[in-house]
Every structure is written in structure tokens, then in C-alpha cells.
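Keep in mind that what you see is a predicted model, and the values were worked out from it rather than measured. Nothing fancy with the numbering, it's 1 onward along the sequence.
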Amino acid sequence: MTLGTDVAVVGCGAVSTLYYAPALMRLRRGGVVGRITAFDPDAGRAHTFAELVDGKPVGSFDELLELGAGLVIVASPPMLHMAQSIAAMEAGMDVLCEKPLAIGAAQAQAMIDAATRTGTRLSAGYVRRQFPATKAIGDIVRSGLLGEITGVTCFEGGPFAWPVAGPTYFSRSSSGGGVLQDIGTHCLDLLHWWFGAPDRFDYLDDAFGGVEANCLVRLDYPSFRATVRLSRDWAQPNVYRIVGSGGWLAWQVNDPFNYEFQVLGNVPAKVSMMVSDKDDFQQAFVRQIEGALPGGTGGASVTSVPASVSLIERCYADRISMHLPWLAPVEAARAESLAGSR
């Protein structure tokens, strides 16, 4: 009997318990994954996660590295991604690092360089690239079926409901930012994947000393503008819409299989990708892990990820404060002074 690949998980918060745990159990039942070890600075979270996957919690990150594994899934707060990923690769293990891959382009490049230096493989956890629908949308855009693209709008977000473990989630020193770093990481990665890098951009947000809850990104391409609105408190339609000279396409955020499109002169159609009855949102995490395992096809190519990581870094550096008309002049002045202190 062939044993599956041992997997170690670093960081046992919501993304690990809600998504990686069930995906790992599917792979364990299929004989793809073997022993699972887990570490989190909060020992209670590590034990909870280990129970979900019938695994073993360990008391330190160093202990996890000493036990060894074929793959380390790094799902810690973003500020730890670079150091933990590089340490795992230097210990000879492949790494699947959750989004955002890193805080800034320099960290991302250091991780890529470490993979090259150590002969290990680094994969990026941008799970939306694993959806059949997003892959098909990229193919449609590149095929020219919609004609010349004339406009893109991405509206995403809503009242914040993610089950965070504590207030550090809203700390720039831990997370690297607010809604742009969180949801925007997915959005800008998809736009880079589908269209490449924009010629120019501008960025506005409502952060006044802390992290932003709302932001607006405008990306200018040669023939169109992509407008991205993200929010943690405003109920958004959660739809991406791509308009071209020959038709349009609309995708509901996080729908793995369905999108709508119309080629001019034809009736609008809702497309449902042909997938296995066993395929679902969770299966995207299964595919992501499978691709990152030794011998797999790889997750999101890390060579394409730094472009969106760099764009987020540049957005924060060049930010403009959103106009908030409900603030009195003295309040607006105070807000601007706080924004400048970040």
C-alpha cells in the first residue's frame, strides 16, 4: 500500500478550518495525503484543527519543520508568509502559501529566489484560479469572442462576517492592509491573469490611521478602464462584468461553475460548466493542494503573482483619501492627519 504525502499546516485560523481541513480529508480518504501535522501559536486552535483532520498538533514551528513533510501549507497572518515559507523551503519542503503571497514585491521575490536556491517548489494559494468558470472566462477574453474589451467593473464585498480569531486581523502590522489586501488580492490577481498589467492606476480608500474598509481602484488599459469597488460594510452586488465591442460577460463572485454572456446578435446565455457531480467550491481547494504536492502540476504560478502583489503595494503608497461628505470640515481635517500617520 502506497502512503500519501505528509502535509504540515502552519496557521490554524478560519481559512484552515473552513477550507483546508475538509480538502485535506478528501485527499486523505483518496490516499493522496498521509500524516497531517499542524502548528498555531494558539495551541487551542492547533488542537481543534488537528482533530478535524485526524492529525497531530505540535508545540512550535521549529518542531513542525523537524518532523518534515512533503508539503507545508502556510496559512499564517500575511506578515509571516515570507519568513515561514523560506524556512520551510530551506528545510527541503515544498510550500503552498495562502494569499496574499507576500507583503510587497520584494518579499515575493525573496520567496521565489528561495525556491530556486533550495530546489523546492513554491505555489500560491489564489483559489479562484482553480474555478472552471474563471479559467473559461480567461479563455473567452483571450479568444476575442467579446471583441475589443471596452470596460470592466468589479463590485465585491458586504458587511464583514469572516470569523476572525482576534483584532490583529485588522492590524496593518499583521495583515498588511484592509479590504484591498484581503478581497482585493483575489480580484487584482484575476484581472492580471485575464488582462495582464494595466498601463496606469489610481487608488482611493477610507483608511484614516488604520486599515481601509472601502476602496476604489481604477486600472487603465490601452482600450478600456477596469473599475474595482471593494467594501467590508457596504452590501455590494458581487458581480464582475466584462464588456466588449462584440458582447458582454458577467460572473457572480465565487461561483465556481457559472457565468452569463452574450455575443451581440444572439440571446444572452447562462453557461454552467460541465463538471463532476462531486465537484463543488471545496473541490477548488482540493485541486489547489493536489497541484502543490510533489509531482503535482503546481498551483497559481508564482511567476505571475508578484505583479498583483506589487500593484497592491503601489496602491497603498500612492493612495488618495476618499471624499466622505458626511464629515464636518474639522472631522475631515482630523481624518486626513490620521491618514498621513500610517
Asn214/Asp205 under side chain to side chain donor-acceptor pair (under 3.5 Å): CA gap, chis, key distance, verdict: CA-CA 6 Å; Asn214 295 275; Asp205 72 24; over 6 Å; no
Identify the two heavy atoms, one from Pro325 and one from His323, that lie closest to each other, and give their separation to 0.1 Å. CD-O, 3.4 Å
Does the Asn238 side chain pair with the main chain of Gln236, one donor and one acceptor, at a distance under 3.5 Å? yes
Checking Leu293, Leu27, Thr37 against Val7 for side-chain contact (heavy atoms from CB on, under 4.5 Å), the one that qualifies is Leu293
If I take atom CG from residue Leu230 and atom CD from residue Gln181, how far apart are they, to the nearest 0.5 angstrom? 12.0 Å
Donor-acceptor check, side chain of Arg287 to backbone of Val127, threshold 3.5 angstrom: yes or no? no
Given Val286 and Leu24, is the side-chain contact (heavy atoms from CB on, under 4.5 Å) satisfied, shown in steps? CA-CA 7 Å; Val286 172; Leu24 287 167; over 6 Å; no
Hey, could you give me the CG/CE distance between Leu71 and Met93, rounded to the nearest 0.5 Å? 10.0 Å
Any side-chain heavy atom of Arg117 sitting closer than 4.5 Å to one from Ile86? yes
When you measure from the side chain of Thr227 to the backbone of Arg218, do you find a donor-acceptor pair of N or O atoms at a distance under 3.5 Å? no
Output all residues satisfying side-chain hydrogen bond (donor to acceptor under 3.5 Å, both in side chains) with Asp255, sequence neighbours left out; order by chain, then residue number. Asn258
Residues His186, Leu190; criterion side-chain contact (heavy atoms from CB on, under 4.5 Å); working and verdict: CA-CA 6 Å; His186 282 303; Leu190 284 180; 5.7 Å; no
CG (Leu180) and SG (Cys315) are apart, to the nearest 0.5 Å, by 5.5 Å
What one should report as the nearest heavy-atom pair of Phe155 and Pro237 is CB-CG, 3.4 Å
Which is it for Glu98 and Tyr126 under the side chain to side chain donor-acceptor pair (under 3.5 Å) test, yes or no, and what are the steps along the way? CA-CA 7 Å; Glu98 242 307 290; Tyr126 290 75; over 6 Å; no
If you compare all heavy atoms of Leu101 against all heavy atoms of Ala124, which two are closest, and at what distance to 0.1 Å? CD1-CB, 4.3 Å
According to the side-chain hydrogen bond (donor to acceptor under 3.5 Å, both in side chains) rule, which pairs have a member within residues 52-78, sequence neighbours left out? Ser76-Gln84
Non-neighbouring partners of Asp94 that pass salt bridge (charged side-chain N to carboxylate O under 4.0 Å, His left out), sequence neighbours left out: none
For residues Ile312 and Leu188, determine if any side-chain heavy atom of one lies less than 4.5 Å from a side-chain heavy atom of the other. yes
Tell me who clusters with Met79, hydrophobic residues only, linked when side chains sit under 4.5 Å apart either directly or through other members. Ile103
Val152 and Arg225: side-chain contact (heavy atoms from CB on, under 4.5 Å), yes or no, with the steps? CA-CA 6 Å; Val152 175; Arg225 167 171 281 185; over 6 Å; no
Quick one: does any side-chain atom of Ser171 pair with a main-chain N or O of Pro167 as donor and acceptor, under 3.5 Å? no
Straight-line distance of Thr5 OG1 to Arg35 CZ, nearest 0.5 Å: 11.5 Å
Exercise: identify the closest heavy-atom pair between Val239 and Ala250: CG1-CB, 4.3 Å
Identify the heavy atoms of Phe208 and Ser321 that sit nearest to each other, and give their distance. CE2-OG, 3.9 Å
Taking atom CH2 of Trp162 and atom CD1 of Ile183, what is their separation to the nearest 0.5 Å? 11.0 Å
For Ala46 versus Asp40, what's the shortest heavy-atom pair and its separation? CB-N, 3.8 Å
Write out all pairs satisfying ring pair (Phe, Tyr, Trp, His ring centres under 6.0 Å) with one or both partners inside residues 7-28, taking only residues at least two apart or from two chains. Tyr19-Phe281, Tyr19-Phe285, Tyr20-Phe285
For residues Val305 and Arg129, determine if any side-chain heavy atom of one lies less than 4.5 Å from a side-chain heavy atom of the other. yes
Passes side-chain contact (heavy atoms from CB on, under 4.5 Å), Tyr221 versus Leu219? Steps please. CA-CA 7 Å; Tyr221 290 83; Leu219 308 171; 3.9 Å; yes
Per-pair distances, 0.1 Å, donor-acceptor, side chain in residues 132-141, under 3.5 Å, sequence neighbours excluded:
residue: Thr134; atom: OG1; partner: Arg128; partner atom: O; Å: 2.6
residue: Thr134; atom: OG1; partner: Phe131; partner atom: O; Å: 3.0

So, do Glu260 and Gln252 sit near enough that their side-chain heavy atoms are less than 4.5 Å apart? no
Sub-4.5 Å side-chain heavy-atom contact between Pro222 and Asp199: yes
So, Ser245 side chain and Glu148 main chain: donor-acceptor pair closer than 3.5 Å or not? yes
Salt bridge (charged side-chain N to carboxylate O under 4.0 Å, His left out) involving Arg241 - partner list, sequence neighbours excluded: none
Could you give the distance from OG1 (Thr150) to CZ (Phe224), rounded to the nearest 0.5 Å? 9.0 Å
Sequence neighbours excluded, which residues qualify as salt bridge (charged side-chain N to carboxylate O under 4.0 Å, His left out) partners of Asp182? Lys99, Arg232
Both conditions, 6.0 Å and 45 degrees, for the charged tip of Arg314 above the ring of Tyr203: are they met here? no
Provide the full list of ring pair (Phe, Tyr, Trp, His ring centres under 6.0 Å) pairs with a residue in residues 79-107, sequence neighbours left out, each pair given once. none
Distance-only, no hydrogens or angles: does the Ser310 side chain make a donor-acceptor pair with backbone N or O of Ala307 under 3.5 Å? no
Distance-only, no hydrogens or angles: does the Gln288 side chain make a donor-acceptor pair with backbone N or O of Ala292 under 3.5 Å? no
Please enumerate all residues that pass side-chain hydrogen bond (donor to acceptor under 3.5 Å, both in side chains) together with Arg200, with sequence neighbours excluded. Asp220
Gln262 and Asn266: side chain to side chain donor-acceptor pair (under 3.5 Å), yes or no, with the steps? CA-CA 6 Å; Gln262 180 183 25; Asn266 295 314; over 6 Å; no
Below 4.5 Å, heavy atoms only, C-beta onward: do Val72 and Leu96 meet side chain to side chain? no
Not counting sequence neighbours, which residues clear salt bridge (charged side-chain N to carboxylate O under 4.0 Å, His left out) with Glu313? List them please. none
Phe49-Phe39 aromatic ring centre distance below 6.0 Å: no
Is there side-chain contact between Thr153 and Val228, with heavy atoms separated by less than 4.5 Å? no
Spell out, as yes or no, whether a donor-acceptor pair under 3.5 Å connects the side chain of Glu212 to the backbone of Asp206. no
Taking side chain as C-beta onward, heavy atoms only, is Val10 less than 4.5 Å from Leu64? yes
Can you list every pair that meets ring pair (Phe, Tyr, Trp, His ring centres under 6.0 Å) and has a residue in residues 226-253, with sequence neighbours left out? Tyr240-Trp251
